[in-house]
Protein chains: 2
Amino acid sequence: MVRAIERLPKRQRQQQLSRLIVDNPFIADRELSRMLKVSIQTIRLDRLELGIPEQRERLKLMAERSYDAVRSLPLDEVIGDIIDLQLDRSGISMFEIREEHVFSRTGIARGHHVFAQANSLAVAVINDEIALTASADIRFIRSVKLGEKCIAKGYVRSISGGRSKAKVEVFTYVGEEMVFQGSFIIYRSAGEASVERGIEDADRD
Amino acid sequence: MVRAIERLPKRQRQQQLSRLIVDNPFIADRELSRMLKVSIQTIRLDRLELGIPEQRERLKLMAERSYDAVRSLPLDEVIGDIIDLQLDRSGISMFEIREEHVFSRTGIARGHHVFAQANSLAVAVINDEIALTASADIRFIRSVKLGEKCIAKGYVRSISGGRSKAKVEVFTYVGEEMVFQGSFIIYRSAGEASVERGIEDADRD
DNA sequence: ACGCATTTATTACCTGGTCCCAATTCAGTA
DNA sequence: TACTGAATTGGGACCAGGTAATAAATGCGT
C-alpha cells in the first residue's frame with residue numbers, strides 16, 4: 001500500500017523527530033506535531049520511546065553543561081570532545097572534521113579549527129582556574145580533510161616560573177598519521193585563588 | 001537602627017538576590033524566598049525591579065549562548081570582517097570579541113578565536129585558490145577582553161619556493177596596543193594542487 | 001494618627017510538559 | 001468479513017514555575 005507522503009511510518013517519523021530535535025533543541029512538542037503532521041500525543045510517545053527528554057529538560061541540560069564548565073574547568077568551552085584528561089599531565093580530545101570546518105571547494109579543513117582543538121586541549125589539561133595561551137609554535141604537517149577524526153594528544157612538559165607557566169605539547173593524529181604538532185606556552189594563575197595572574201595582571205570581572 | 005540579621009533592607013536583599021542568582025542561575029523563586037526569608041511575591045517583585053528573568057528564561061538564555069558558541073566558530077567561513085585587502089601584499093580585518101568568544105568566568109577571549117582571525121587573514125591575503133597554513137609562530141601579547149575590537153593587519157613578507165610558500169606576518173591590535181603577533185607560513189597551489197606536506201624542519205623552543 | 005512604601009496573600013491564567021485511561025484508526029490475517 | 005493488535009488520537013488530572021493584577025496587611029517616619 002502506497003503511503004501518503006504526508007505521513008511517514010513510525011520508524012522514519014521517529015528518525016526525523018530525533019534529527020529535528022538534535023538540530024533545534026529549543027523546539028517544543030506542539031511545533032513538532034505540526035511539522036510531522038501527527039498529534040502531540042504521538043510526539044510524546046515517540047520521545048518516550050526514544051528517550052528524548054522534554055524541551056525544558058533539554059535546555060536545562062545544555063545550560064548545565066555550559067555552567068559546569070564555568071565552575072570547574074572550561075570543558076565545554078573546548079573545541080573537540082575531551083575523552084581523557086589527567087590534569088597537569090596529559091589529555092586526549094577528539095574532533096571530527098565536518099562540512100562547516102572545511103574550505104568548501106577543496107574539502108580541506110581550515111587551519112584554525114585544527115589549532116582550536118589543540119589549543120583547547122592545551123588549556124584544558126592545565127589544572128587551573130585561569131589558563132591562557134601565551135604563545136605557540138605550530139606546524140600543520142598535512143592537511144586534514146572532511147570526515148576525518150582528529151585525535152589530539154596533549155602532554156604537559158614542564159611547569160616552570162613558580163607555577164605560572166606551563167609548556168604543553170600537542171600532537172594531532174588522523175589514524176596513525178600525525179597531522180599537526182604544536183608547542184604551547186600556557187599562562188596559569190599559579191595557585192588556587194590568587195597570586196600571579198597569567199598575562200600582565202588582567203582585571204577581574 | 002540596628003536591623004535584624006534575618007531580614008535585610010530592600011536594597012541589600014536585592015543585591016543578595018542578584019548574587020545568589022548569578023552564582024546559581026538554576027535556582028527557583030521558591031528556594032530564594034526560603035533563603036532570604038521573604039515571601040515568594042517579594043522575590044518576584046525584586047526580580048521585576050532588577051530586570052532578572054525567570055529561571056526558565058535564564059536557563060534558556062544559557063542554552064542559547066552555549067548553542068551559539070558552538071556554532072559561531074565553525075559556521076563562519078572567515079573569522080573577522082576583511083575591511084581592506086591587497087592581494088599578495090597586505091590586508092586588514094576586524095573582529096569584535098563577543099560573549100561567545102570569551103571564557104565566561106573571566107571575560108577573556110579564548111586564544112583560538114584571536115588566532116582564527118589572524119589565520120583567516122593570512123590565508124585571505126594570499127592570492128590563490130588554495131592556500132593552507134603550513135606552520136605558524138604566534139604570541140599572545142596580552143589577553144583580549146569582551147567587547148574589544150581586534151584589528152588584525154597582515155603583510156605578505158616573501159614569496160619563496162617557486163611561489164609555493166608565502167610568509168605572512170599578522171599583528172593584531174586593540175586600539176594602539178598590540179595584542180597578538182603571528183608569523184604564518186602559507187602553502188599555496190602555485191599552479192596545481194599537490195598540497196600535501198608541510199613540515200621539514202622541527203625547531204622547537 | 002496618617003500616609004506611603006513595602007511586603008504578603010489570593011486568584012486567574014500560561015506553557016510545556018507527565019501520567020493514565022479510553023476511544024479510534026489502520027493494516028494484516030484467520 | 002470480522003477480528004486482532006499495533007499505532008494513533010483525545011481528554012482529564014496534575015505539576016513546576018512562573019506572569020499579571022488586585023487586595024490586604026505591616027512597617028515606619030513624621
Side-chain angles (χ1 to χ4, degrees), chain A residues 1-68 70-71, chain B residues 1-68 70 104:
Chain A
M1 198 140 285
V2 183
R3 285 238 170 224
I5 310 157
E6 305 282 321
R7 291 281 224 92
L8 300 158
K10 199 180 180 183
R11 266 288 143 83
Q12 290 175 46
R13 185 193 55 229
Q14 293 192 339
Q15 238 179 298
Q16 275 244 38
L17 184 74
S18 311
R19 238 211 64 238
L20 283 169
I21 292 176
V22 162
D23 59 51
N24 179 15
F26 297 85
I27 201 167
D29 290 357
R30 193 169 270 94
E31 181 65 14
L32 287 165
S33 83
R34 275 194 290 261
M35 297 176 81
L36 297 178
K37 303 197 198 305
V38 290
S39 73
I40 204 167
Q41 288 81 0
T42 301
I43 297 295
R44 285 167 181 173
L45 280 173
D46 285 351
R47 273 200 301 100
L48 198 69
E49 285 182 30
L50 296 170
I52 299 172
E54 61 172 281
Q55 181 237 38
R56 283 165 184 166
E57 278 308 305
R58 294 193 302 262
L59 300 194
K60 195 174 171 186
L61 279 171
M62 294 175 68
E64 264 163 7
R65 273 217 313 269
S66 75
Y67 192 67
D68 290 350
V70 174
R71 304 230 107 181
Chain B
M1 206 152 289
V2 183
R3 288 247 169 214
I5 311 156
E6 304 283 322
R7 290 281 222 93
L8 299 159
K10 198 181 181 184
R11 265 290 141 83
Q12 290 175 45
R13 185 194 55 229
Q14 293 191 339
Q15 240 179 298
Q16 275 244 38
L17 183 73
S18 311
R19 237 211 66 238
L20 282 169
I21 291 177
V22 162
D23 59 51
N24 179 15
F26 297 85
I27 201 167
D29 290 357
R30 195 173 266 80
E31 180 66 14
L32 287 164
S33 84
R34 276 194 288 261
M35 296 176 81
L36 297 178
K37 303 196 198 307
V38 290
S39 74
I40 203 166
Q41 288 78 2
T42 301
I43 298 294
R44 286 169 180 170
L45 279 173
D46 285 349
R47 272 200 301 102
L48 199 69
E49 286 182 29
L50 297 169
I52 299 173
E54 60 172 281
Q55 181 237 39
R56 285 165 183 166
E57 278 308 305
R58 296 193 300 265
L59 300 194
K60 194 175 170 185
L61 280 171
M62 295 175 67
E64 265 162 7
R65 270 221 315 269
S66 76
Y67 195 66
D68 291 349
V70 172
S104 36

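Values in this document were obtained by computation on a predicted structure and should not be read as measured data. Within every chain, numbering begins at 1; the chains are lettered A, B, ... in the order of the sequence lines, protein sequences first and strands thereafter.
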Expressed as a whole number of angstroms, how long is the span from [X]:[atom1] to [N]:[atom2]?
X: B/Q41; N: D/dG18; atom1: CD; atom2: C1'; answer: 12 Å
X: B/I43; N: D/dA16; atom1: CD1; atom2: P; answer: 19 Å
X: B/K60; N: C/dG16; atom1: NZ; atom2: C1'; answer: 11 Å
X: B/L45; N: C/dT8; atom1: CG; atom2: P; answer: 10 Å
X: A/R56; N: C/dC14; atom1: CZ; atom2: P; answer: 15 Å
X: B/E31; N: D/dA16; atom1: CD; atom2: P; answer: 14 Å
X: A/R13; N: C/dC26; atom1: CZ; atom2: C1'; answer: 13 Å
X: B/E57; N: C/dC14; atom1: CD; atom2: P; answer: 18 Å

Handout entry: Option from B/Q16, B/K10, B/R13 for which side chain to side chain donor-acceptor pair (under 3.5 Å) with B/D46 holds
Key = B/R13

Problem - Distance in Å, B/L36 CG paired with B/L17 CG, rounded so as to fall on 0.5 Å steps - result: 6.0 Å

Taking only N and O in the side chain of [X], is any of them less than 4.0 Å away from OP1 or OP2 of [N]?
X: A/R44; N: D/dT9; value: no
X: B/R30; N: D/dG18; value: no
X: B/S39; N: C/dT8; value: yes

Which of these nucleotides, [options], is closest to any side-chain atom of [X]?
X: B/E54; options: D/dT19, C/dT18, C/dT7; value: D/dT19
X: A/A28; options: C/dG16, D/dG18, D/dG10; value: C/dG16
X: A/K10; options: D/dG18, D/dA7, C/dT7; value: D/dA7
X: B/D29; options: C/dG16, D/dG18, D/dG17; value: D/dG18
X: A/R47; options: C/dG17, C/dG16, C/dT10; value: C/dG17
X: A/Q55; options: C/dT8, D/dG11, C/dG16; value: C/dG16

Exercise for the section: Would you check if the side chain of A/Q55 reaches a backbone N or O of A/F26 as a donor-acceptor pair within less than 3.5 Å? Expected result: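 Here the side-chain-to-backbone pair exists.
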
Problem - Chi angles and distances behind the side chain to side chain contact (heavy atoms under 4.5 Å, CB included) call for B/I27, B/R58 - result: CA-CA 10 Å; B/I27 201 167; B/R58 296 193 300 265; 4.1 Å; yes

Practice task
Could you tell me which non-hydrogen atom of A/P53 sits nearest to which non-hydrogen atom of A/L61, and how far apart they are?
Solution key: CG-CD1, 4.5 Å

